[in-house]
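Let me begin by presenting the structure, written as structure tokens, before commenting on it.
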Amino acid sequence: MSVSSVATPPFGPNIVRAWFETAINPLLSGLESEAALLRNGNFSWRWHTGRMLAIMPVRSRLFSYGRAANFDQFLRFHEESASVCEKHDRQVKELAESSQDLFDSLLTDQDFRALVSDSVQALLEDEPSPMMTEWIAEHVVNGSGELGAHYVIAPLWNKFRDQLLAVRLAPRHNFLSEKQEEIGRNLLQTVTDLMSCLTDARQSLSLKFDIPPEPLETRD
């Protein structure tokens, strides 16, 4: 059911305000951050969870607000937004799975392990621990840029980053990395579409019910 198909919507300004404050606005803020990561090709995937840290299903962004039910109610009356949300969540799952596939492929590649070992020995004169190898593989999966000093492996990664990232182009990994990047591009488009749907719905509801899109106290 869409709002446009209902002559008199079965909700009023209090419900709309709750949608804005506990669902639409928090979600838009999270999606903006998600889009920024995807534009930079940073998927924030983590090997120990098998999921992305900062790219997640839409309802996961609302759990901390304890108001996911408000968003579900909003979606009942906005079919287009509901459809794009489903597409977004499906692609998030696909991105996590493709990142896991690339990670698994790296860890079973003796050439990659040898490169990591040689890099560690050249810098630290020591053998890499299994966890260090997994950390490095995670950054290869994410196509990470230079790391800040607070990262334990920053000296190693920053020195050998180009050689390590080049492994993504090796024949046995290239297909997986291309698949991951394609899913990331598709997800970025879906995030953009979802932000547009939510913004348009918020604008329409704002004008209909005379409610500012954002709380007045947050304005400069």
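We're numbering straight along the sequence, starting at 1. We use all heavy atoms of the structure for the numbers below, so side chains are in, but hydrogens, waters and symmetry mates are not. Quantities reported herein were computed from a predicted structural model and do not represent experimental measurements.
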Closer than 4.0 angstrom, basic N to acidic O: yes or no for Lys93 and Glu97? yes
Heavy-atom side-chain proximity of Pro155 to Leu124 below 4.5 angstrom: no
Do the side chains of Leu37 and Leu53 join up, straight or via other hydrophobic residues, at under 4.5 Å, putting them in one cluster? no
So the ring-ring contact (aromatic ring centres under 6.0 Å, His included) pairs with at least one residue in residues 165-187 (sequence neighbours excluded) are none
Is Arg172 close to Thr108 at the side-chain level, that is, under 4.5 Å between some pair of heavy atoms? yes
So do the side chains of Leu75 and Ser81 get within less than 4.5 Å of each other, counting heavy atoms only? yes
Within-4.5 Å side-chain heavy-atom neighbours: Phe74 and Leu27: no
Under the rule for side-chain contact (heavy atoms from CB on, under 4.5 Å), what residues qualify as partners of Thr192, not counting sequence neighbours? Leu188, Gln189
Rounded distance (nearest 0.5 Å) linking atom CD of Glu21 with atom CG of Asn70: 10.0 Å
Between Asp126 and Val120 (side chain of the first, backbone of the second, donor and acceptor by atom type, cut-off under 3.5 Å), is there such a pair? no
Does any part of the side chain of Asn25, heavy atoms only, come nearer than 4.5 Å to the side chain of Arg202, both counted from C-beta? yes
Distance (rounded to the nearest 0.5 Å) between Ser105 OG and Gln100 CD: 11.5 Å
Under the rule for side-chain hydrogen bond (donor to acceptor under 3.5 Å, both in side chains), what residues qualify as partners of Asp111, not counting sequence neighbours? none
Considering residues at least two apart in sequence or located in another chain, which fulfil the side-chain hydrogen bond (donor to acceptor under 3.5 Å, both in side chains) criterion with Ser99? Gln180
Just grab all the salt bridge (Lys or Arg N to Asp or Glu O under 4.0 Å) pairs involving residues 181-197, residues at least two apart or on different chains. Arg168-Glu181
Locate the shortest heavy-atom distance separating Ile55 from Arg61; write the atom from each residue and the value. CA-NH2, 4.1 Å
Where Phe20 and Pro212 come nearest, the two heavy atoms and their spacing: CD2-O, 3.5 Å
Identify the heavy atoms of Pro10 and Phe77 that sit nearest to each other, and give their distance. CG-CE2, 3.5 Å
Once side-chain hydrogen bond (donor to acceptor under 3.5 Å, both in side chains) is applied, what residue pairs with a partner in residues 129-139 remain, sequence neighbours excluded? His139-Ser144
ILVMFWY cluster, Leu198 and Met56 together (side-chain gap under 4.5 Å): no
Measure the CD1-CG distance between Ile15 and Leu205 for me, rounded to the nearest 0.5 Å. 11.0 Å
Of the non-hydrogen atoms in Gly143 and Leu165, which two are nearest, and what is the gap between them? CA-CD2, 3.8 Å
side-chain hydrogen bond (donor to acceptor under 3.5 Å, both in side chains) partners for Glu178, two or more places apart: Asn174
Is there side-chain contact between His78 and Trp19, with at least one heavy-atom pair below 4.5 Å? yes
Closest contact, heavy atoms only, Phe112 versus Ile136: CZ-CG2, 4.1 Å
Scan for side-chain hydrogen bond (donor to acceptor under 3.5 Å, both in side chains) pairs involving residues 44-54, sequence neighbours excluded, and state none if there are none. none
Any pair counted as salt bridge (Lys or Arg N to Asp or Glu O under 4.0 Å), so long as it reaches residues 99-108, sequence neighbours left out: none
Nearest heavy-atom approach of Leu62 to Pro26 is CD2-CB, 4.2 Å
Supply the atom-to-atom distance Arg59 CZ to Asp72 CG, rounded to the nearest 0.5 angstrom. 4.5 Å
Start with the C-alpha distance between Leu194 and Cys85, add both sets of side-chain angles, then the distance that settles side-chain contact (heavy atoms from CB on, under 4.5 Å), and finish with yes or no. CA-CA 7 Å; Leu194 181 53; Cys85 281; 3.7 Å; yes
From Trp157 CH2 over to Leu123 CG, what is the distance, rounded to the nearest 0.5 angstrom? 14.0 Å
Less than 4.5 Å apart, side chain to side chain, heavy atoms only: is that true for Val116 and Val140? no
So, using side-chain contact (heavy atoms from CB on, under 4.5 Å) as the criterion, who are the partners of Ser117 when residues are at least two apart? Gln121, Glu127, Pro128
Partners passing side-chain contact (heavy atoms from CB on, under 4.5 Å) against Ser119 (at least two apart in sequence or in another chain): Leu115, Leu156, Phe160
Around atom OH of Tyr151, are there more than 12 heavy atoms of other residues, nucleotides or ligands at under 6.0 Å? no
Mind checking the CG-CD spacing from Asp200 to Glu80? Nearest 0.5 Å is all I need. 8.0 Å
Quick one: list whatever passes side-chain contact (heavy atoms from CB on, under 4.5 Å) with Met195, sequence neighbours left out. Leu28, Leu31, Glu32, Val191
Counting C-beta onward and ignoring hydrogens, is there a side-chain heavy-atom pair between Asp118 and Gln163 closer than 4.5 Å? no
